[in-house]
Chemist: 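Quick one: structure below, then a few questions.
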Amino acid sequence: MSSEKPLSENVEEYLEVLYKLSLEEQPVKTTKISKMLNIAPPSVTQMIKKLERDGYVHYSPYKGVNLTEEGYKIASSITRKHRLLERFLYDVLKIKKEKIHDQACEMEHALSDDAERALCHLLEHPDECPDDEELIPVCDFQFKTCEECLNRRQEEVNEVGKRDKNLVSITNLKKHENGKVSFIRGDYKVIRRLMDMGITIGAIISVLEIAPFKGPVELLVRGSNLALGRNIAKNVFVEIVRENTCEKDGALSHG
Amino acid sequence: MVRISDCIEKSEYEKTLRDSRNEYNENSFSNDSDIRMALAGNANVGKSVIFNYLTGSDQVVGNWPGKTVKRAEGNLQYEGQGIHIIDLPGIYSFSTFSMEEIVSREYIAHENPDVVINVLDASVLERNLFFTLQLMEMEVPMIVCVNQMDIARQKGLEIDINKLEKALGVPVIPTVAVRGEGLHKLLKQSIKVAKNNKKAEIIIEYGGEVEKVIQQLSTFLESEKVDIGCSKRWVAIKLLENDPEINKLVKSKSNRAIQYANHLAHGLEQIHEEPSFAIMAAERYSLANRIAAGAQNQTEFKITLSEKLDRILIHPIYGHFTSAMVILGLLVWTFLLGNFISGLITHAMSFFQPVNPTLSGPAIAVLWNGALGGLVAGLTLIVPFVIPFYIMLSYIENSGLLTRVAFMMDSFMQKIGLHGKALIPLILGYGCSVPAIDSTRILETRRERLLAAFAITFAPCAARTIIILGLVAIFVSIWWALALYVLDIMIIFIMGKIALKAMPGESTGLIMEMHSLRLPSSSVIIKQTWNRTKSLTYLVFPIFIVGSAIIQLFYVMGVLGPISNFMAPLTVGWLKLPVFAGILLIVGIVRKEFVLLTLVSFVGTDLSLALTSVQFIVLAIIGMLYIPCLSTISILIREFGLKAASVISAANLITAILVGGIAAQILSIFL
């Protein structure tokens, strides 16, 4: 933790410390930072002011320092890398506990985000670091769990679009009425097939024929005539389009 | 909830690929200097017409979405250049939900044709461009053929080819394939594109954040050196759509690419509040809409003849009549013409007379009475009925009439767990169960295909019709024959219901394009009919000839007598038939017509000497229902396995014994 480090690493070190201290109390007193980094208070204040200029922290003299959102993001990421590395050094490389902290401090700045993710998977998503059993911050991918991140969305969604009060099923439309597709529910593959055939959210459809005895419905969508079985059609909901601007034969029926 | 199937059964898929090469091309396949062209596009845009025109090969052209499941290939020579053309199945998207989609995608992505000819329907430009955009994502050398310009003109649509060409960045050729217009130019341009390996001049970009994400991901794939042999942009889009196949391929190379893709897709989903596949579909459609709107001009709104006809064909009331007329017309045409041709052939074959085994010796009897007899029976009974049937069916299919009938019949078919499309195999079943069961492939799930096949085994096929006509219509009355027909349809319905109970599951809904009605090209009809008749002949005639010979052998060896005696409690006791009925039923397993043929060989042409009216009716019922014939059983085994085939056969047998027995008991009181 010498002061000859490149500035960015230095910044990262400060943010990392701020992250740790801000878990205990907020705002963080500069004296605590100085003690932890073993740097004289005036130098710390100077650095904090620089961090504030760069938009990473808010600094109020005599009160202390708060991380901004941007600062928090970097801080948690670097902390996460640090603690993942500690786990790696300890669990995989079997390095002694006393040595891993300093080693991780050196390595964390060089670790890319991709390498971090790979490390996370290699270590099977650890949640605590070995030396002081502190929590490893979660990664910044927007997934609830790591499995979700890797497998994503074995999404077999069964509805698309927004439910709205004034939606009607196309089976409730009358002949020659038009509607704007707003919500579809049903089997995943049915939904995908409907979208491939042009019934996407926002598409304008027009009812051409409704077969009796719960028979299929014939629609005009994007210039093509499409027959949908009643039990599929009833799950396609539209907003009725009153003004008859769309010509019923036009290929340009999509607004 | 309604679902569409998992129709991707791997073995089946591989079989499709294996089956694909027809012998027509065998000798010319290995030529490496040939240009390889692929025809791709939506169903019913005229790809097969173009294919037929260019290659003159025997390929099946159908109007049913996904009809050309089999891969059709052909060769031609043009100015000394060998060209190999493959006609890909008609599909709407590349989302691996059907076998057709997989076949097409695999071919384009991994077999790298020299040029892909994307055929569009000019009258439905926007929906067709949705597919074009997906092809363009794959960054293959391609050319666009805007077909059916005549139908677009009838609708009052003018298409500016130059604008379309500019927007897409690939050559665009307008054509009217049924009349051969523009196809010469199409071929010339395709060769040019293939020789220069010319890809699109521009990359078609999607909107704002979607495009940004696609580019981010493809750059990442580039830096990760993820190469699965297709364009990075396409792989990126497929990953964002969470395509299972591509996902698996990429995962084997780089986990991080998957994570990054998921991360980006998640971001998109946050913005749009829709799943990523829906975002991509909407994005493609909005682009397709813009291109279509820019390139086409609706000069006037014309109501086409097709639309006028549709007002009747799918009218809530008249539509049922027209549908019934179509089905009835098909049957009446088949029987009238079939009877006529059958008469002609029988006359021509009159030299054939069975010999008496005791005089000629067993060997001659087996060969002459058995093998040749089987051949003659096939020629006089199958060919005459099948050909007219296939010709008319082709017309109904290719004109688009069949989609209208399916539309009207959907609610009825739903009652037996099938949708309107399943009507096709059932109607085919009126001709012959074998091609009918083969055509159940147009249905989505195995369950539905099984339900349809089950119903088909009860359908009054040509052979059953012959039994009904030959036994009941001639010797009892035509009205009793008709009544048996009605009974058979009722049985189909009841058995369908029972099968539905036995095989519970969610029924598939109908999603079907109703394209414009049109007069099909007769060359397509002839080729299709020829193709179908040929494949049926190959399957049926060997069984016919060999089966007939074996039965004759049994007869000569005298084993049939003991067997029919053994069956006497059933045939005589319960069904009130003569003892020799047991023999009839055994020979009928080969072909149902043999019931009639053997009966004639036993008692001579005047059957009324041997049987009473009741016995005629009961024998007809039993013959109609008791077991699928050998060819049907063999195709059932091929399509569904031994177990399903046995269950279906057993169900047939039980139904026949029950219905036949009850009829025998009741009718003997009245008649």
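When reading the values below, keep in mind they use all heavy atoms of this one structure, side chains included, and skip hydrogens, waters and symmetry mates. As the structure is a prediction and not an experimental result, all values here were calculated from the model. Proteins get letters first, then strands, A, B, ... in listed order; numbering begins at 1 in each.
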Chemist: How long is the span from the CD1 atom in B:Ile511 to the CD1 atom in A:Ile199, to the nearest 0.5 Å?
Modeler: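 Rounded to the nearest 0.5 Å, the CD1-CD1 separation comes out at 7.5 Å.
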Chemist: Could you state the interatomic distance from CG (A:Asp196) to CZ (B:Phe277), rounded to the nearest 0.5 Å?
Modeler: 9.5 Å
Chemist: What's the separation between atom CG in A:Asn225 and atom CZ in B:Arg127, rounded to the nearest 0.5 Å?
Modeler: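 Those atoms lie 10.0 Å apart.
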Chemist: Do any N or O atoms from the side chain of B:Ser411 and from the backbone of A:Phe213 form a donor-acceptor pair under 3.5 angstrom?
Modeler: yes
Chemist: Does any non-hydrogen side-chain atom of A:Arg192 lie less than 4.5 Å from one of B:Glu241?
Modeler: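 Contact flag for B:Glu241/A:Arg192 side chains = yes.
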Chemist: Measure distances from B:Phe407 to the heavy atoms of chain A and classify the residue's part below 4.5 Å as side chain, backbone, both or neither.
Modeler: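 The answer is both parts of B:Phe407.
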Chemist: Looking only at heavy atoms, what is the nearest atom pair of B:Pro275 and A:Val160, with distance?
Modeler: CG-CG2, 3.8 Å
Chemist: Using side-chain heavy atoms (C-beta onward) and a distance below 4.5 Å, is A:Asn231 in contact with B:Gln414?
Modeler: yes
Chemist: Determine the option with the most heavy-atom pairs under 4.5 angstrom with chain B, choosing from A:Arg230, A:Met197, A:Met195.
Modeler: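 Of the options given, most contacts go to A:Met197.
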Chemist: Got a sec, which residues hit side chain to side chain donor-acceptor pair (under 3.5 Å) with A:Lys175, two or more places apart in sequence or on another chain?
Modeler: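 A:Lys175: side chain to side chain donor-acceptor pair (under 3.5 Å) contacts with A:Glu209.
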Chemist: Looking at chain A, which one of B:Pro316, B:Ala281, B:Ala288, B:Gly156 has the largest number of heavy-atom pairs inside 4.5 Å, strictly under?
Modeler: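 Result: the option with the highest number of such pairs is B:Pro316.
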Chemist: Has A:Tyr90 got more than 12 heavy atoms of other residues, nucleotides or ligands less than 6.0 Å from its OH?
Modeler: no
Chemist: Which bit of A:Ile184 is near chain B, if near means a heavy-atom gap under 4.5 Å: side chain, backbone, both or neither?
Modeler: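 Neither part, no heavy atoms under 4.5 Å.
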Chemist: CG of B:Asp310 to CG of A:Leu208: how many Å apart, nearest 0.5 Å?
Modeler: 9.0 Å
Chemist: Using the test salt bridge (Lys or Arg N to Asp or Glu O under 4.0 Å), find all partners of B:Glu274 that sit at least two apart in sequence or belong to another chain.
Modeler: none
Chemist: Given heavy-atom pairs under 4.5 angstrom as the criterion, report whether the side chain, backbone, both or neither of A:Val217 touches chain B.
Modeler: backbone
Chemist: Does any part of the side chain of A:Pro212, heavy atoms only, come nearer than 4.5 Å to the side chain of B:His320, both counted from C-beta?
Modeler: yes
Chemist: Considering only heavy atoms and a distance below 4.5 Å, find which of A:Ser224, A:Ala233, A:Ala211 pairs most often with chain B.
Modeler: A:Ser224
Chemist: Can you tell which of A:Ala227, A:Gly198, A:Gly215 has the highest number of heavy-atom pairs within less than 4.5 Å of chain B?
Modeler: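 Most pairs with chain B among the choices: A:Ala227.
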Chemist: I'd like to know if A:Glu218 and B:Arg404 make a salt bridge, using a cut-off of under 4.0 Å between side-chain N and carboxylate O.
Modeler: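 Answer for the salt bridge query: no.
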Chemist: Could you tell me the separation between the CE atom of B:Met280 and the OG1 atom of A:Thr200, rounded to the nearest 0.5 Å?
Modeler: 12.5 Å
Chemist: Report the distance from atom CG of A:Leu220 to atom CD of B:Glu307, rounding to the nearest 0.5 Å.
Modeler: 8.5 Å
